[in-house]
Amino acid sequence: MTETTPYVLVLYYSRNGQTAEMATQIGRGVARVAGIEARIRTVPPVSPDTAASLPPVPDAGAPYATKADLAECAGLAMGSPTRFGNMAAPLKHFLDGTGDLWLNGKLAGKPAGAFTSTGSLHGGQETTLLTMMMPLLHHGMVLCGLPYSESALNETATGGTPYGPSHWAGTGEQQALSDHEKTLCQAFGERLARLALKLAN
Ligand SMILES: Cc1cc2nc3c(=O)[nH]c(=O)nc-3n(C[C@H](O)[C@H](O)[C@H](O)COP(=O)(O)O)c2cc1C
């Protein structure tokens, strides 16, 4: 892979690691497709102290995304923990800084989709995924979900939706991703990668 290899940006926020594990699985799905790679990036937490800033590279985990990472991607998988049925503020904060990309149509025509992790099973997986799609549509991106030809969508007793991958982490001790959830994360990464190559051509 070279500097010019197209990539799917797997952009996420995660406080406790569940959404981060989904990002890793989605990256594995992207890696199944020749000619494109996954670039996994996170965003920093937001602080009520507006003057506060963090070092540009986090102590652990994926590097922080730059706006160039987003502008130059061939496709986008965007992940967030569910917060009150919606995406978490740090990811929204990052997106709110992309007005120039929107004005220039930098993301228009590229495939994109969302993934989420929740504490409760019915506490907002679908609402989070659907509302995360609004900024993607404003950017002119082409939405990508999961088709029911993925048998895990019908079989899952944990997460996984046609609107994108999801993980039910539980409210006590956090549950690891189930096999169905992993399968759907990987299928989503692969699907995005294939779409990104097709749309780039
Ligand atoms: C402020 C706050 C709000 C939350 N809101 C919801 C919610 O609406 N529905 C839900 O199921 N879980 C909710 N959760 C739980 C997280 O979505 C869940 O723990 C998730 O797996 C965390 O992902 P992470 O490990 O990537 O940080 C909330 C957590 C916090 C801290």
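Counting from 1, the numbers follow the sequence of the chain as shown. Just follow the structure's listing: the first ligand is 1, and inside any ligand the first atom is 1.
- The nearest protein atom to atom 25 (O) of ligand 1, hydrogens excluded, is given as Q18 N, 2.8 Å; this is a heavy-atom distance.
- The proximity of A169 to ligand 1, defined as any non-hydrogen pair under 4.0 Å, is limited to the side chain.
- Among protein heavy atoms, the minimum distance from atom 5 (N) of ligand 1 is reached at F84 N, 2.9 Å.
- With S166, A89, G119, G159 as candidates, the residue nearest to atom 10 (C) of ligand 1 on a non-hydrogen basis is G119.
- Proximity of K106 to E72: side-chain heavy atoms (C-beta onward) are separated by under 4.5 Å at one or more points.
- Counting heavy atoms from C-beta outward, C144 and F188 have side chains that approach closer than 4.5 Å.
- At under 3.5 Å, a nitrogen or oxygen of G123, whether backbone or side chain, sits near a nitrogen or oxygen of ligand 1.
- Distances shorter than 4.0 angstrom do not occur between any heavy atom of G124 and any atom of ligand 1.
- Within ligand 1, the atoms closer than 4.0 Å to a non-hydrogen atom of R15 are 24 (P), 26 (O), 27 (O), 31 (C), numbered from 1 in the order shown.
- Residues E21 and Q25 bring a donor and an acceptor atom of their side chains to less than 3.5 Å of each other.
- Of the residues T19, T82, T128, the one that meets the side-chain hydrogen bond (donor to acceptor under 3.5 Å, both in side chains) test with T116 is T82.
- Residue nearest to atom 13 (C) of ligand 1, selected from N86, L121, T118, T82: T82 (by heavy-atom distance).
- Closest to atom 19 (O) of ligand 1 among all protein heavy atoms lies Q174 OE1, 4.0 Å.
- Nearest protein heavy-atom contact of atom 21 (O) of ligand 1 is S117 OG, 2.7 Å.
- In this structure, the side chains of C73 and V8 stay at 4.5 Å or more apart for every pair of heavy atoms.
- Looking at G85 next to ligand 1, an N or O pair under 3.5 Å apart turns up.
- Against a heavy-atom cut-off of under 4.0 Å, N16 is close to the following atoms of ligand 1: 24 (P), 25 (O), 27 (O).
- For atom 29 (C) of ligand 1, the nearest non-hydrogen atom of the protein is R83 NE, 3.9 Å.
- Between Q125 and T161, some side-chain heavy-atom pair lies under the 4.5 Å cut-off.
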(request) Please assess L107 against W102 for the test side chain to side chain contact (heavy atoms under 4.5 Å, CB included), listing each intermediate value before the final yes or no. (result) CA-CA 7 Å; L107 302 176; W102 166 74; over 6 Å; no
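- Annotation: Y13 places no N or O atom under 3.5 Å from an N or O atom of ligand 1; distance criterion only.
- For atom 22 (C) of ligand 1, the nearest protein heavy atom (residue, atom name, distance) is P81 CB, 3.6 Å.
- Under 3.5 Å, the side chains of S120 and T118 contain no donor-acceptor pair of N or O atoms.
- Between L195 and V142 there is no side-chain heavy-atom pair separated by less than 4.5 Å.
- Between T66 and D69, the side chains place a donor N or O and an acceptor N or O closer than 3.5 Å (distance only, hydrogens not considered).
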